[in-house]
Amino acid sequence: ESTLGRAAAQSGRYFGTAIASGRLNDSTYTTIAGRQFNSVTAENEMKIDATEPQQGQFNFTAGDRVYNWAVQNGKQVRGHTLAWHSQQPGWMQNLSGGALRQAMTNHINGVMGHYKGKITQWDVVNEAFADGTSGARRDSNLQRSGNDWIEVAFRTARAADPAAKLCYNDYNVENWTWAKTQAMYAMVRDFKQRGVPIDCVGFQAHFNSGSPYNSNFRTTLQSFAALGVDVAVTELDIQGASATTYADVTSDCLAVPRCLGITVWGVRDTDSWRPEHSPLLFNGDGSKKAAYTSVLNALNAA
Ligand code: G3I
């Protein structure tokens, strides 16, 4: 197959990209995205600050722009993200305790209700663990509302849209030996044992010099899958875009039957949140990089 999406579909997987609504009038961007990918994640447009800018007043204008473009172009949509310490609107940043808990569940119900039945996977909770060696939860207003905030979010999400796969999503959790990875593993194991509704774990896979790819990523994916959840690579980008590393990540997903697919975090290097790393599969002029070819070959070799 000659596109990433069709090559991934040979094994029942998807190959997706983040889409920014502000770039949908750039025809170079839409031509590449429309042809190469078969899954879409809104880069910012379904986040809390975008969808509930004033408490109780939902706004889906930008989210729907991304959603409609995706569906009109034959792509599935991953939802990102419902409960997160970052990109909270000002009103939410000022909440705590029971009022914040109520606002969180109301937000999940509002956004998942709007997209009910339309989203394949939702990142219900994003980035709840601390970096470093502590293995602790990240400090945030959500965490201070009570350690059970994550399971409350998942139970609320299951009721709001029973058709969506419910994911926990984080970064720096690809290396099996890292404390953050083990902390996330213990949480997912506990959720499965206690019947908290979780269906998938998203590995963002923002690889860089401080958090480099390690071949034990495959062990990580296999270990989580063995707990009875699906796994996905949700925000892939690699500093310097080594063709070998891109192929390795692709092969790691393909080696794990419960790996649903891969999403790269943008189309061209100039679309990236960190363009100075040139971390993506296409150059700023829209031409294919070596990493593109290595990913396509890895997908076709499966
Ligand atoms: O929309 C405003 C615009 O009105 C304003 O003029 C402009 C001035 O700076 O800012 C615009 O908002 C920016 C937004 O992207 C949209 O471009 C924010 O400042 C900027 O902080 C925001 O960055 C996003 C970042 O998440 C915020 O946390 C990146 O685009 C997005 O790629 C990044 O994505 C995250 C994932 O959601 C979670 N995992 C990590 C990943 C990378 O940080």
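As a basis for the values below, the full set of heavy atoms in this structure was taken, side chains included, without hydrogen atoms, waters or symmetry mates. Just so it is clear, the structure is predicted and the values come from calculations on it, not from any experiment. All residue numbers refer to positions in the sequence shown, counting from 1.
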message = Suppose we call two aromatic rings close when their centres sit under 6.0 Å apart. Are Phe60 and Tyr115 close by that rule?
response = yes

Report task. Would you verify whether the NZ or CZ of Lys180 falls within 45 degrees of the ring axis of Tyr171 while also being under 6.0 Å from that six-membered ring's centre? Result -> yes

*Under 3.5 Å donor-acceptor, Asp161 side chain and Gly117 backbone*: yes

Review point. How far apart are the C-alpha atoms of Asn169 and Thr234, what are their side-chain angles, what is the distance that settles it, and do they pass the side-chain hydrogen bond (donor to acceptor under 3.5 Å, both in side chains) test?
Key: CA-CA 8 Å; Asn169 190 54; Thr234 53; 2.7 Å; yes

**OP:** Could you please spell out the steps behind the side chain to side chain contact (heavy atoms under 4.5 Å, CB included) verdict for Phe207 and Asp237?
**Re:** CA-CA 6 Å; Phe207 294 115; Asp237 54 17; over 6 Å; no

Given the options Arg194, Lys192, Gln193, Asp190 meets side-chain hydrogen bond (donor to acceptor under 3.5 Å, both in side chains) only with Arg194

query = Does Ser96 reach the main-chain N or O of Asn141 with its side chain, forming a donor-acceptor pair under 3.5 Å?
reply = no

### Message
Between Val264 and Phe15, does the side chain to side chain contact (heavy atoms under 4.5 Å, CB included) criterion hold? Intermediate values first, please.
### Response
CA-CA 8 Å; Val264 288; Phe15 204 99; 3.9 Å; yes

*asked:* Tell me whether Asp269 is salt-bridged to Lys289, with the criterion being a basic N under 4.0 Å from an acidic carboxylate O.
replied: yes

**OP:** Specify whether Phe282 and Tyr292 have parallel, tilted or perpendicular ring planes, treating 30° as the upper limit for parallel and 60° as the lower limit for perpendicular.
**Re:** tilted

- Message: Looking at Lys165, is its backbone amide N or carbonyl O close enough to the side chain of Gln121 to form a donor-acceptor pair, meaning the two atoms are under 3.5 Å apart?
- Response: no

Check your understanding: If you measure from the Lys or Arg side-chain nitrogens to the Asp or Glu carboxylate oxygens, is any gap between Arg101 and Asp148 under 4.0 Å?
Key -> yes

The residue among Leu254, Leu299, Thr250 that forms side chain to side chain contact (heavy atoms under 4.5 Å, CB included) with Arg13 is Leu254

Checklist line | Pair Arg258 + Asp230, salt bridge at N-O below 4.0 Å | finding: yes

Rounded to the nearest 0.5 angstrom, the CG-OG1 distance for Asn214 and Thr181 is 10.0 Å

Can Arg268 and Asp271 be counted as an ion pair, charged N to O under 4.0 angstrom? yes

| query | What do the steps show when you test Asn300 against Gln10 for side-chain hydrogen bond (donor to acceptor under 3.5 Å, both in side chains), and what is the final call? | reply | CA-CA 8 Å; Asn300 280 324; Gln10 294 173 110; 2.9 Å; yes

* Show your reasoning for whether side chain to side chain contact (heavy atoms under 4.5 Å, CB included) applies to Arg274 and Glu276. => CA-CA 5 Å; Arg274 42 178 195 177; Glu276 70 281 7; 3.6 Å; yes

(Q) I'd like to know if the side chain of Thr41 and the backbone of Glu43 have a donor-acceptor N/O pair within less than 3.5 Å. (A) no

Any donor-acceptor pair under 3.5 Å from Arg138 side chain to Glu127 backbone: yes

Phe224 and Phe203: aromatic ring centres closer than 6.0 Å? yes

So does Arg158 pair up with Asp199, basic N to acidic O under 4.0 Å?
yes

(message) Can you confirm if the aromatic rings of Trp265 and His80 lie within a centre distance of less than 6.0 Å?
(response) yes

